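Here the structure is laid out as structure tokens; the discussion comes afterwards.
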Amino acid sequence: MQFYDKSKQLRFVCKGVIVLMLVLGFSSFTIHKYYSSITKIQIDSNEKLLKMHTAIFADDFEKVLSERYQLEVNDFSKISEEHKQIIATYISKKIKIQTNRAPLKITFLGCEAENQLVYLYYEAPYEEKVQRLDIENTLLMDVFSNQHNTVDVTLDSTVKSVHLTYQNNKKTIFF
């Protein structure tokens with residue numbers, strides 16, 4: 001007497017394997033990468049200068065530069081003056097800062113790569129004591145709509161942070 005039919009068992013196992021493969025295949029399409037950057041702004045009251053740097057994922061920044069400027073960068077630590085100018089243009093379009101409602105001119109200083117990150121360095125002089133800082137940061141948001149940009153601002157020993165998204169890319173900090 002046979003308790004099970006071998007052909008039914010084989011069909012059941014095959015169907016199970018197919019369903020498992022479909023589930024795994026479709027789940028790989030639903031996993032999304034998290035797009036983020038962190039910008040640190042140090043307000044230097046003595047020099048009347050905002051010293052800034054941003055850490056972003058190298059592959060994301062490479063994609064933006066490639067899509068927007070047809071620029072291929074292999075090593076961010078050794079970029080040409082032409083590439084430096086293109087990156088400076090991009091930063092000036094994507095990061096806007098005002099102190100006490102006065103717009104600041106941002107100067108790109110350079111960049112370097114470390115592991116999977118690119119560090120962008122820039123600064124902006126200001127005139128009056130900072131009481132209000134308006135920040136707009138849309139870095140990478142032109143390519144990645146789910147990009148999140150965190151900005152940490154330090155004045156003396158006070159640190160304030162803002163979190164910016166595609167839908168909410170401007171914030172004001174008061175000191």
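Keep in mind that the numbers below use all heavy atoms, side chains included, and drop hydrogens, waters and symmetry copies. None of the values given here were measured: they were computed from a predicted structure.
- Residue pairs meeting the salt bridge (Lys or Arg N to Asp or Glu O under 4.0 Å) criterion with at least one partner in residues 72-96, sequence neighbours excluded, are Lys94-Asp142.
- Lys63 is linked by a side-chain contact (heavy atoms from CB on, under 4.5 Å) to Glu67, Val143, Phe144, counting only residues two or more places apart in sequence or in another chain.
- The shortest non-hydrogen separation linking Tyr90 to Leu140 is OH-N, 2.8 Å.
- Across Leu104 and Tyr126, no two heavy atoms sit closer than the pair CD2-CB, 3.9 Å.
- With Thr89 contributing its side chain and Gln85 its backbone, the two residues share a donor-acceptor pair below 3.5 Å.
- Rounding to the nearest 0.5 Å places CD1 of Ile79 at 9.0 Å from CG of Leu65.
- Taken to the nearest 0.5 Å, the CG atom of Leu133 stands 6.0 Å off from the CG atom of Leu50.
- Val130 and Phe175 make their closest contact through O-CB, 3.9 Å (heavy atoms, listed as atom of the first residue, atom of the second, distance).
- One finds the CD1 atom of Ile135 at 7.0 Å from the CG atom of Leu164 (value rounded to the nearest 0.5 Å).
- Leu117 and Leu109 fall within the same hydrophobic cluster, where Ile, Leu, Val, Met, Phe, Trp and Tyr residues are linked whenever their side-chain heavy atoms come under 4.5 Å apart, directly or through other members.
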Show the atom names and distances, to 0.1 Å, of all donor-acceptor pairs under 3.5 Å that link a side chain in residues 150-159 to residues at least two apart or in another chain.
residue : atom : partner : partner atom : Å
Thr150  : OG1  : His163  : ND1          : 3.3
Asp152  : OD1  : Ser161  : OG           : 2.5
Asp152  : OD2  : Lys40   : NZ           : 3.0

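- Residues Met141 make up the rest of the hydrophobic cluster containing Tyr166, defined by ILVMFWY side-chain heavy atoms closer than 4.5 Å, directly or through other members.
- Cluster membership for Val162 and Tyr35, using ILVMFWY side-chain heavy atoms within less than 4.5 angstrom, is shared.
- Cluster membership check: Ile41 does not share its hydrophobic cluster with Tyr119, using side-chain heavy-atom separations under 4.5 Å among Ile, Leu, Val, Met, Phe, Trp and Tyr.
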Between side-chain atoms of residues 51-58 and protein atoms elsewhere (two or more places apart, or another chain), which donor-acceptor pairs fall under 3.5 Å?
residue : atom : partner : partner atom : Å
Lys51   : NZ   : Asp44   : OD2          : 3.1
Lys51   : NZ   : Glu47   : OE2          : 3.1
Thr54   : OG1  : Thr39   : OG1          : 2.8
Thr54   : OG1  : Tyr122  : OH           : 2.4

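- For the side chain to side chain contact (heavy atoms under 4.5 Å, CB included) criterion with Val118, the lone passing option out of Ser37, Ser77, Cys111 is Cys111.
- Between Ile106 and Ser92 there is no side-chain heavy-atom pair separated by less than 4.5 Å.
- Under the salt bridge (Lys or Arg N to Asp or Glu O under 4.0 Å) criterion, the residue pairs touching residues 111-133 are Arg132-Asp134, with sequence neighbours excluded.
- Counting non-hydrogen atoms of other residues, nucleotides and ligands closer than 6.0 Å to NZ of Lys48 gives a total above 12.
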Check against side-chain hydrogen bond (donor to acceptor under 3.5 Å, both in side chains), Gln147 and Asn149: CA-CA 7 Å; Gln147 173 75 24; Asn149 296 327; 2.8 Å; yes
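- Counting heavy atoms from C-beta on, the side chains of Asn137 and Asn169 never come closer than 4.5 Å.
- Of the candidates Ile86, Ile95, Leu120, Leu120 is the only one forming a side chain to side chain contact (heavy atoms under 4.5 Å, CB included) with Phe108.
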